[in-house]
Amino acid sequence: MKSTSLKILAAASLFAACKPNIEGTAPTKGSADFSHYTAIGNSLTAGYSDGTLYRSGQINSFPNMLAGQFKLVGGGEFKQPLLPGESGWPGAKRVLGPVTGCDGVTSLGPMLYPGARDTAGSSTNISNQGPFNNLGVPGIRATDYLIPGYAYGALLLGGVGYAFRMYENPAVVRPIDVAAKSNHTFFTMWLGNNDVLLYATRGGEGQASGSGPSDISPLPTFKTSYKAVLDTITRKGQKGVLINIPDVTALPYFNTIPAKGLVLARQGQADSLNAAYAPLGIKFAVGANPFIIQDGSAPGGVRQIKDGEYILLTTPQDSLKCAGWGSKKPIPRSFVLDATEVANVRNATQDFNAYIRQMADEKKLAFFDVNTYFKTVQSGVHYNGLTLTPVFVTGGVFSLDGVHLTPRGYALVANKIIQSINDTYGSTIPDVDITKYNGVLYP
Amino acid sequence: MKKTLVLSLAGLALASLAHAGSFQINLQGIRQTAMGGSGVAMPWDASAIFFNPGALSRLNGMEAYGSAFFVSPNLRYVPANSGTTSYEPQKETSTPFAVYVGGTLRKMPKLGLGLGIYTPFGSSVNWGDDWTGKLITQSIKLQSVYFQPTVSYAVHERVSIGAGFVYAIGSVNIHRALPLQFSDGRSGQLVLDGKASGFGFNAGVHVKATDKLDVGLSFRSGVNMKVDNGTATFTVPASVSPLFPAGNTFNSNLPLPNITTLGAAYRFTPSFLLQADVVFAGWKSYDSLKFDFAKNTTAVANSSSPRLYKNTVAYRLGGHYKVNDKFAVMAGGAWDPTPSDDKFVSPDAVDADRISLSAGLTYEPVRNLNIMAVVNYTTTKARSVSYSPENFSGTYQIKSVTPGIGISYKF
């Protein structure tokens with residue numbers, strides 16, 4: 001009997017001795033309380049991807065990834081206002097597929113999801129399923145938070161009712177009121193992007209300071225609104241993370257079509273353009289030339305695009321290839337972000353970010369400088385065999401709309417947010433495994 | 001027929017993480033393994049063909065020898081900043097083996113002749129297709145078998161020399177996920193599969209310095225294992241398949257290092273002996289792992305993964321006690337530092353400084369027939385390292401218990 005148990009003991013210790021005994025470190029929450037997490041923000045918080053919102057995009061939102069990690073340190077349930085379908089709502093998502101251009105050439109490119117639409121029930125108000133932990137509303141600006149009936153207004157203005165479907169009393173409620181009802185102990189707030197982005201993605205056609213849907217929000221209004229939201233969600237001393245606004249000109253939306261994208265193969269092409277533009281003194285040569293763009297202040301209303309100006313991803317490829325856009329005809333100004341517009345975007349981004357930073361310091365909150373981070377991503381981020389870059393389609397970070405992220409890109413952001421939380425609150429929340437999240441999918 | 005034999009031998013020779021620096025395997029003799037891997041100074045048996053060709057001519061007659069080990073190392077990886085997540089590769093057992101036939105001729109006792117077939121290098125790790133490092137490696141299998149005809153001659157009553165020509169064959173099989181995803185989210189995959197071969201030599205000197213002290217020195221040359229026209233199979237989504245030409249092949253080479261061993265054996269009593277070796281391994285030749293593809297495209301570029309190995313010096317010590325005419329027991333230990341750099345430890349070649357302890361016994365049931373058994377325990381401390389080109393960092397640990405058996409017969 002005794003010798004049997006000794007033998008078992010000996011066998012067990014031999015077995016133990018030949019197994020590695022290294023263990024990871026158990027996650028800890030530090031000085032923060034993650035039991036009830038609420039995410040405040042826009043499309044980036046909602047999990048918007050590929051030009052629309054769809055269920056798996058929401059499931060792969062960075063707040064949902066964070067919530068998964070928070071569960072390791074006492075985090076609770078994280079409820080999202082999930083859409084019923086995968087095809088995208090209200091518009092179809094973009095997928096990679098064979099796209100045949102006007103020149104008859106078929107190549108792999110972004111196209112609208114060709115499958116059946118599964119949007120039934122998407123517009124139903126589901127506020128009775130709330131309260132939701134992810135309050136991200138695609139399209140919302142910081143300045144929209146103080147507007148009564150924003151959700152209803154956004155719907156009537158041609159907005160798609162993202163807020164409408166999740167807010168109680170959407171006709172009267174202000175987004176800040178919805179945030180005020182949240183019973184959170186921890187929050188993330190990534191707000192302000194649309195206060196600049198909507199101006200930029202519409203080619204800078206709005207005002208450099210205004211409240212229209214294509215304007216840059218006025219700095220005082222931005223500050224008032226941002227502070228009001230932040231005061232509301234920290235009124236019980238809640239801890240959280242502020243995330244700033246990335247320079248939108250770092251996005252593939254502005255960098256995929258090169259400014260010097262007018263490639264002339266033959267001297268004859270250069271000659272005929274030279275003849276046509278001789279009165280304006282614009283010259284062309286075989287090889288890469290700057291595109292011709294519309295500019296009211298230039299002689300003849302057209303000029304060559306300059307370095308540091310951007311052509312939008314939404315510029316119709318067929319018009320560039322077959323309709324003479326950028327060469328015989330100028331690219332319309334709504335598809336171009338010119339130097340003045342770029343300066344407006346940069347200045348506003350800088351001002352808004354300075355304020356966000358100031359707020360983070362004042363309230364002693366964690367802060368993630370995604371603006372600086374995205375600039376470092378330009379040269380490529382290596383992670384477990386992945387090389388992630390901001391290049392459209394192949395870079396793996398940005399989805400097929402050129403602005404929003406892939407699940408993999410959101411995972412990259414989630415880990416940086418976790419890092420800033422750990423640094424600020426002394427927690428040891430583990431990273432998410434970026435390789436488990438999809439980049440761009442190929443047919 | 002002959003080819004079949006060679007292939008089946010290669011199939012047996014899967015090797016492992018368990019023994020000695022990196023993908024070197026120090027399991028070429030039962031007695032020596034039982035004595036911490038030491039053995040350059042003593043002609044214990046026909047395994048002298050491997051340990052010191054110079055000592056072969058000190059054998060008393062001819063001998064046939066065979067041994068095999070059952071290697072199933074335990075490896076664990078804890079990624080950095082991942083909480084309690086950990087990964088262990090699939091459990092695999094490989095059987096490095098050695099076969100030696102050789103010794104001295106009755107009519108010419110100063111001349112030793114022999115042939116050795118053994119597996120000095122190899123590695124096999126299978127992390128699975130869907131682990132966090134899948135884009136670096138899913139599985140890797142490196143095998144090698146050395147064939148070594150050997151001549152040895154006692155040039156003096158106290159000094160003998162010997163050398164063998166080494167013909168090495170081997171194979172490489174690598175599975176790796178590609179960062180191109182199918183529409184269902186599955187990753188693409190690259191499979192590299194090829195046969196390798198190379199040449200080298202093994203030479204040694206054995207000196208009976210006094211009646212009690214033996215000294216040995218051996219040099220095993222580096223062998224550049226070349227893979228020519230291995231197959232490179234890319235599994236990728238159809239829309240990008242034109243970028244990955246079918247029927248692609250690759251060339252590569254793996255420089256197996258030279259090994260210099262100096263050792264001594266001292267008989268304290270007629271039945272008790274201690275021996276020790278110092279082993280220098282020229283790993284510096286392994287600077288990077290390169291794959292050159294026959295068909296390059298914008299998506300298929302030649303690859304080079306830096307390894308930046310360093311030369312190492314290992315120490316081995318063992319004792320042998322003859323209990324009686326039939327039994328002998330052995331024990332020993334070794335310190336094997338890793339050649340790998342802290343910033344270049346890839347999950348396809350996990351390594352760390354190893355401490356190894358072993359014990360064994362031999363039994364001679366009838367005259368000239370020996371049955372040998374050994375068990376070896378090898379462990380590493382937790383090693384926190386990275387493969388910096390891919391920002392792949394974490395902590396690794398290796399432990400293994402390896403039994404081995406052998407048989408020899410003098411004729």
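All values below were derived from every heavy atom in this structure, side-chain atoms included, with hydrogens, water molecules and symmetry-related copies excluded. Below, chains carry the letters A, B, ... as their sequence lines are ordered, and counting in each starts from 1.
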[X] portion near chain A, given a 4.5 angstrom heavy-atom threshold:
| X | result |
| --- | --- |
| T85(B) | neither |
| S86(B) | neither |
| K134(B) | side chain |
| P79(B) | neither |
| Y396(B) | backbone |

Checklist entry - Do you know the tightest heavy-atom contact between N64(A) and Q58(A)? => result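 Closest approach of N64(A) to Q58(A): CB-O, 4.2 Å.
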Using a distance-only test with no angle check, is there a side-chain donor-acceptor pair under 3.5 angstrom linking [X] and [Y]?
| X | Y | answer |
| --- | --- | --- |
| R176(B) | S303(B) | no |
| T379(B) | K399(B) | yes |
| D353(B) | T338(B) | no |
| N376(B) | T378(B) | yes |
| Y37(A) | T188(A) | yes |

Next on the checklist: Looking only at heavy atoms and a cut-off of under 4.5 Å, which of N391(B), T84(B), I136(B), T132(B) has the most pairs with chain A?
Outcome noted: T132(B)
Item to check | chain A interface, residue from P237(B), P179(B), G83(B) that has the most non-hydrogen pairs under 4.5 Å | outcome: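 Top option by heavy-atom pairs under 4.5 Å: G83(B).
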Residue [X] versus chain B: region with a heavy atom under 4.5 Å:
| X | answer |
| --- | --- |
| N384(A) | both |
| V432(A) | neither |
| L386(A) | both |

Checklist entry - Centres of the F186(A) and F70(A) rings: under 6.0 Å? => result yes
Checklist entry - Between F34(A) and Y425(A), is the ring centre distance below 6.0 Å? => result no
Next on the checklist: Sub-4.5 Å heavy-atom contacts with chain A: which residues of residues 184-192 of chain B show up?
Outcome noted: G185(B)
Item to check | Given D351(B), D348(B), D341(B), the one that forms salt bridge (charged side-chain N to carboxylate O under 4.0 Å, His left out) with R307(B) | outcome: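 So, applying the salt bridge (charged side-chain N to carboxylate O under 4.0 Å, His left out) to R307(B) and each of D351(B), D348(B), D341(B), only D348(B) qualifies.
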